[in-house]
Structures are given as structure tokens and as C-alpha cells.
Novice: 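Could you have a look at this structure, given as C-alpha cells, before my questions?
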Number of protein chains: 2
Amino acid sequence: MADRAVTLADVARRAGTSTAVVSYVINDGPRPVAAETRERVLAAAAELGYRPNRVARALRSRTTGVVGLVLADASNPYFAALARCIEQALDEHGKLTLIGNAGYAAERQRNLVERFLAAQVDGLVIVSADGGTDVAAGAEAAGVPAVYVHNQPTRAHAPVVAADNRTAVHEAVAHLRWHGHERIAFLAGPHDIGPVGLRRQNWHTAVADAELLRCDYSRAAAATSAERRITDGAMPRALITATDEQAIGILAGARTRGLSVPDHLALISLDGTPDSAYTAPALTVTRQPLQAMAEHAVDQLLGTTTPPSVPDAALVIRHSCGCRPTTDCTTNSRHSPE
Amino acid sequence: MADRAVTLADVARRAGTSTAVVSYVINDGPRPVAAETRERVLAAAAELGYRPNRVARALRSRTTGVVGLVLADASNPYFAALARCIEQALDEHGKLTLIGNAGYAAERQRNLVERFLAAQVDGLVIVSADGGTDVAAGAEAAGVPAVYVHNQPTRAHAPVVAADNRTAVHEAVAHLRWHGHERIAFLAGPHDIGPVGLRRQNWHTAVADAELLRCDYSRAAAATSAERRITDGAMPRALITATDEQAIGILAGARTRGLSVPDHLALISLDGTPDSAYTAPALTVTRQPLQAMAEHAVDQLLGTTTPPSVPDAALVIRHSCGCRPTTDCTTNSRHSPE
DNA sequence: CTGAAAGCGCTTACAG
DNA sequence: CTGAAAGCGCTTACAG
């Protein structure tokens, strides 16, 4: 097939002009070109089927138009939805997205960042899981801007973009109280770090003495944990889970043990992924503003505008809290029965 | 910060040798270097914190080490799981993944391919939705290999990697028959194209006269459609859905209308994403071998090995078909009561 | 085993 | 408004 790609020099030759001029018309600048010359160049480019070589351009101009996105696991629905929003935001800025899954392994995350830097990315968006190291530091040292989204390692220097969960968590607690629950437990992750730690703190300020549960973030772990607690008679009556994955696991465990949600367990989750609307019962959640987070992060990274601040997470009332499909609970977002 | 990045020339200068030799030790070839010289170079590189510039390397060597992945929508769990597997397979071959969501729009898909080609990708993996154009043709014309995964436009020239659903669909039909169902309906997409068309055909050869339903692929569309049918008394008693998203929507619609699955509707779905294990009831599915598909596609693209063929989809029996948690149905995969 | 040098395909000062 | 030429940071024939 393609013996040799058509180059800018080929276009120049055909248009009877210099490569400089061809470059100016292809890039629409930085210097003006006579209308007639421009026509000739455009015609020559079209006839030859010219496609600019971005890597040559990148080498010369020191900007690749590519941003690296490092992720824990793109098959986790929360990260998947976030990644989708980030890719879209980057696309709107004309950037291409290099993606890599670090899979909860700090070493792989470092490796990915190293390879992205070698690929000369213009920036780095890092959606890491708990407990990573400050990989953004290496990027900054190389003069490449970086931004954390959702999670940030302790003592990181790069900015973080995350929603404020304070109001939403307090609303979730208030809503469960309105349903008559006094003791509202919280299911956190294995450690008190990252956004989940923050969510837990927000819960704790609202609920002085209730129980703190822990388990891994997977659906399977949450299901097993729920089954065990139910068997032991140790399942609380009202629970807030840090993530949708955990809530979905709890739902599965409750079903296996024949425990009714919301009759015997009222549940609110704190992610609000699309999945949460299709569970049985549908999950009442605090919805993270993923798109706003993505746009904010990209704006911050690319420094084009002073980004507006990310909105708080919002309470979305469905049925796992005890509100019935027949009762119109959506009007109860102020938590007052009337 | 980084005034200027450390280059290979800097390393050569410090090691007191030529850039050629530095290149040879960094790349471990293609020509031999004396052990002592190699040590000096390695030491110099380490002291200077040298990081090879992949774009310069790419310009000269005409290979970027980057593969483009074009996707319909990475937030759809089926595509998300597949994308994750593809990224992993590429990573195992030392390739970086440039990702783009075409969002079911043929024009956007073309645009993405064009930009990936301009970025000089070494190959293209295309996971398109129904009805796309043959974007791989443009890649081949540019001398860039391409492979379709899951779906392929009609009259495409590039290879497709997809699982054979024949056996699995026949097993699904047989399993529902074993449950006593004679008329087994099928929920397809809006059109009879792509993998869903194939799945429908497989169903049709097994079921002569049963009903064919259609709706969009979204959960919401399937839910609405189910609600309407239930209200109209037009919901079949046994149904195979082309995708998990549709099955999850059907489950939601049935719940809203108080129709019990599997008591009044036996359901089997044909994707088998991780989500399908956590619905209520858990979905009996035909599971697509996503990892094998991804590895096969990447092997084919990179041409390193003659790839083994992709295994067939396999029936995974859970509860939406009518098998009970208490009954051990997993031993019934031969569909004979004994 | 090593070095000097050309060249990948662009962009961009520098002259005119 | 346009052209000739340098140079981005590598790899790789070509000599030795």
C-alpha cells in the first residue's frame, strides 16, 4: 500500500511554494498567507491526500496534544463513568487521551506515569485508588502539569478535583433520621484514606456514636460481609455505604439471606453511578457531579480558564432508603414530612 | 523547573562517547557495546536522570508504540469491560493505548480514526456500535493495520474478532425449554445488524415461530418497553435479550409493574458482563469471552503469533431463568433434569 | 567495537 | 507576503 506517506514538502512542491507557507496555511498561522497562495496549497493538499504528521509536529513544537489518564480500573463503573467524562472534556479541548489502568498497584501506576512522560504528554490526569504515591511530583519535575481527580495521595503537591460531600452526607443522615432511624452505621473501605475517609468523617460529624463497618470495595467483598453480619445478627438497620459497588454487594448479600431492603435495612450510597438507578430496590444516593469534576480538572490542567468550582454532591432519593415508589418522596428532599 | 530535558546527546557528552553508542545501550542493540562503555553510559544516564523522548524516537524509527482504541461508549459496562481487557493485552505487548469514544456517531468515529492516524498509531482496534462505516479501510490505505472487535460494519475488509454465539444461544433456548417454556421470545436491537443480528439468527434457527421484540439498547428504553408490554398483557413468558443492558432494563420494568422474574417471566441475557451477577434476580447469561477476544484481537493486530481461535460464549446459569438459589442448577448445564 | 553525520517531517526565527 | 535553512531528539547506514 502506502509506499511513503505524503509530506508537507510534497505539498509545497506541488503548490510551487515553500514548506513554511504550507505550514502556515495548514495551521492557519502564525503568519498570514495570500488568499491565492492559500488556495493553491489547499488544493495540492487535497489532491495528494495530505495528512499532517503529528509526531513530527510534536517534536518540533514541543507539544503533542496528548494527555495521559491514569486510572485504577476502567471496568469499575464509577471510574468508567469518570473516565468517559474526562475523555470527553479533553476532546472538547482538542486533546487526545492516552489511557492506562494501574489496577490498584502503586508500582504499575508509577510505571504508567513514566511511560506517559516518555511519550511527552502535555499533561496528566490521575484518578488513583487509595494509597498511591505522589506520582504527580515526578510529572511536575519534568515540567508536565498534573491534576488528581477524586483521590489524592497524602501530602501530594498537585491540585485535587473532588466534590464536597459534606452537605450531601449530612442530608443522607437527615433523610434516614426522617425515616425514623436513630443509629446510622457507615460502611467504609479497609482504611481511612482518600475520599472515603472524608465521607466517613462527614458521616461521623453527623452521627456521634453509631457503628463503623469496613470491607474491601468490591461487590463480592461487600456481599460476603453482609451475609456474615446478617447471619450473626449484626447488621445495622440503617447504613450508608461509601461506594455504589459496596451498596450493590450489600443488596446481593441481603437478598441471599432473605433480608428485605429497605424494610429491615435502609441503605444510602455515596457515588450515584448510573448503575445505582437500576438495582432492586433502586438506590438512594448522593450523586457525584462527575461531568463537572472532569471539566473542572481539564480546565485546571490546561489552564485555559479559571474554572468554576465543582458543585457539591446531591442527594437523589429513590427506594433503598425506605421511600416507596407509590409515595412521592422526591419532594421530600428537605427531609420534612410536610 | 526543568529548564530543558536531558537528551541523549547530554548523556553521550557526559559518558565521553557518541550518541550512537548511547542509543545502542539504551535500546540494547542493534549493535554490541563493550561492557565497560555500557557501564559508563548507564551511569551517565542515571546521574542525569535521562528519560528517552519517545516522539523523537517515533519520528526517526517510524513506530510510536501506540495503538488507537476507538469505542462507542466506555461507560457502557460491556464496552468498559472489553476496553479494559484490550488495554491490558496491549500493555502486555508494550503498547500504549490512545482511547476515544465515538458515541454511536459515525462521523465522530471517522474523526477519531483520522486523528489517530495523524498521531501515527501503530494499529487500530475498533469496537464500534451498529451501523458504522468501514473506518478500517482508511487505516489500511495508510498502511496501518486495523482489527474490529465485537462488531464489524457490513462489507468491511479488516478482520473481526468475535465469539461464536451459536452453541450458547442454542443452549439458552434448550435451558428455557427444560424449564417448560415452549415459546421463547427474543429482544433484539432496533435493526438486524452486527452481533445482535447474529444472535437473533441463532435464536431463530432454534425457535421457529416465537415472537421477535425490538427496542433500543439502553436500560431506560428496555424498561419503558417492558412496562408497556406488561400493561398491555403482551409480555412473553420466556425471553432472551441480546444484551445485558436490555435485560437490566427489563428487570427494572418488571419490578415497576410488579411482574415476578422468573415466576412470570424467565429471562436469559447474552452478554454476561460482571453486572449480570448482581441483579435481582441474578441473570442467567451467555458469557462472552472478553479477555480471549481482546488477546486474540491484539495478537492479530500486532501479528506476533498465529492467535488461537476465540472460544465460544458459555452459558452461565443463575436465577433469572427459573433455577432457584436452593436448587443446584449449575450441574444442569446439560439441560437434562437427570 | 565506536564515531561523525544524515535524516525522520515538521515549525519558526531570519532575511528579503 | 514568501523562501532558504536550522533544528527538535532520536536511529542507523557508512566508515573506520
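Lettering of chains follows the sequences in order, A, B, ..., and the numbering in each one begins at 1. We use all heavy atoms of the structure for the numbers below, so side chains are in, but hydrogens, waters and symmetry mates are not.
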Novice: Within the 4.5 Å heavy-atom criterion, are P52(A) and I26(A) side-chain neighbours or not?
Specialist: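 Yes - at least one pair of side-chain heavy atoms lies under 4.5 Å apart.
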Novice: Using a heavy-atom cut-off of under 4.0 Å over every strand shown, decide if A20(B) touches base, sugar-phosphate, or nothing.
Specialist: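 Base: the residue A20(B), judged by heavy atoms under 4.0 Å, touches a nucleobase.
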Novice: For T19(B), answer base if it contacts any base atom (sugar-phosphate contacts may also be present), sugar-phosphate if it contacts only those atoms, and nothing otherwise; contact means non-hydrogen atoms under 4.0 Å.
Specialist: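 Contact class for T19(B): base.
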Novice: Between V21(B) and R62(B), just flag the one whose closest nucleotide in DNA chain C comes earlier from the 5' side.
Specialist: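 It is V21(B), whose closest nucleotide lies nearer the 5' terminus.
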Novice: Please work out which residues in residues 51-60 of chain B have a non-hydrogen atom less than 4.0 Å from an atom of DNA chain C and list them by number.
Specialist: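 Contacts with DNA chain C under 4.0 Å: L59(B), R60(B).
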Novice: Is the number of heavy atoms from other residues, nucleotides or ligands under 6.0 Å of Q291(A) CD greater than 12?
Specialist: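 No, CD of Q291(A) has 12 or fewer neighbouring heavy atoms, counting only those of other groups under 6.0 Å.
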Novice: Among residues two or more places apart or on two chains, list those pairs meeting salt bridge (Lys or Arg N to Asp or Glu O under 4.0 Å) that have a residue in residues 15-28 of chain A.
Specialist: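 Qualifying pairs, neighbours excluded: D28(A)-R38(A).
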Novice: Could you list where the contact with chain B starts and ends along DNA chain D, reading 5' to 3', using a 4.0 Å heavy-atom cut-off?
Specialist: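 Contact span on the strand: dG9(D) to dA15(D).
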Novice: Tell me every residue that passes side chain to side chain donor-acceptor pair (under 3.5 Å) with Q288(B), counting only those two or more places apart in sequence or in another chain.
Specialist: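 Side chain to side chain donor-acceptor pair (under 3.5 Å) list for Q288(B), sorted by chain: N165(B).
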Novice: Name all stems that contain residues of DNA chain D, defined as runs of 3 or more consecutive Watson-Crick or G-U wobble pairs, both distances under 3.5 Å.
Specialist: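 Stems for DNA chain D, defined as runs of 3 or more consecutive pairs: C:1-3 with D:14-16, C:5-12 with D:5-12, C:14-16 with D:1-3.
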Novice: Pick the closest DNA chain D nucleotide for P30(B) and for R38(A) by heavy atoms, then say which residue is nearer the 5' end.
Specialist: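 In this pair, the answer is R38(A).
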Novice: Under the salt bridge (Lys or Arg N to Asp or Glu O under 4.0 Å) rule, what pairs show up with a residue in residues 71-84 of chain A, not counting sequence neighbours?
Specialist: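 Every salt bridge (Lys or Arg N to Asp or Glu O under 4.0 Å) pair that includes a residue of residues 71-84 of chain A, provided the two are not neighbours, is D73(A)-R84(B), R84(A)-D73(B).
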Novice: Got a sec, which residues hit side chain to side chain contact (heavy atoms under 4.5 Å, CB included) with R57(B), two or more places apart in sequence or on another chain?
Specialist: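 R57(B) satisfies side chain to side chain contact (heavy atoms under 4.5 Å, CB included) with N27(B), S61(B) only.
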Novice: For T17(B), which contact category applies under a 4.0 Å heavy-atom criterion: base, sugar-phosphate, or nothing?
Specialist: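 Result for T17(B) = sugar-phosphate.
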Novice: Could you work out, with salt bridge (Lys or Arg N to Asp or Glu O under 4.0 Å) as the rule, every residue matching R13(A), not counting sequence neighbours?
Specialist: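 Counting only residues at least two positions away or on another chain, R13(A) forms a salt bridge (Lys or Arg N to Asp or Glu O under 4.0 Å) with D10(A).
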Novice: Tell me, please, which residues at least two apart from P145(B) pass side chain to side chain contact (heavy atoms under 4.5 Å, CB included).
Specialist: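 With sequence neighbours excluded, P145(B) shows a side chain to side chain contact (heavy atoms under 4.5 Å, CB included) to L301(B), given in chain and number order.
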Novice: Output all residues satisfying ring pair (Phe, Tyr, Trp, His ring centres under 6.0 Å) with Y78(A), sequence neighbours left out; order by chain, then residue number.
Specialist: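 With sequence neighbours excluded, Y78(A) shows a ring pair (Phe, Tyr, Trp, His ring centres under 6.0 Å) to H150(A), given in chain and number order.
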Novice: Which residues pass the salt bridge (Lys or Arg N to Asp or Glu O under 4.0 Å) test with E107(B), not counting sequence neighbours?
Specialist: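 In terms of salt bridge (Lys or Arg N to Asp or Glu O under 4.0 Å), with neighbours along the sequence ignored, E107(B) is linked to R110(B).
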Novice: Please enumerate all residues that pass side chain to side chain donor-acceptor pair (under 3.5 Å) together with D164(A), with sequence neighbours excluded.
Specialist: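 In terms of side chain to side chain donor-acceptor pair (under 3.5 Å), with neighbours along the sequence ignored, D164(A) is linked to R166(A).
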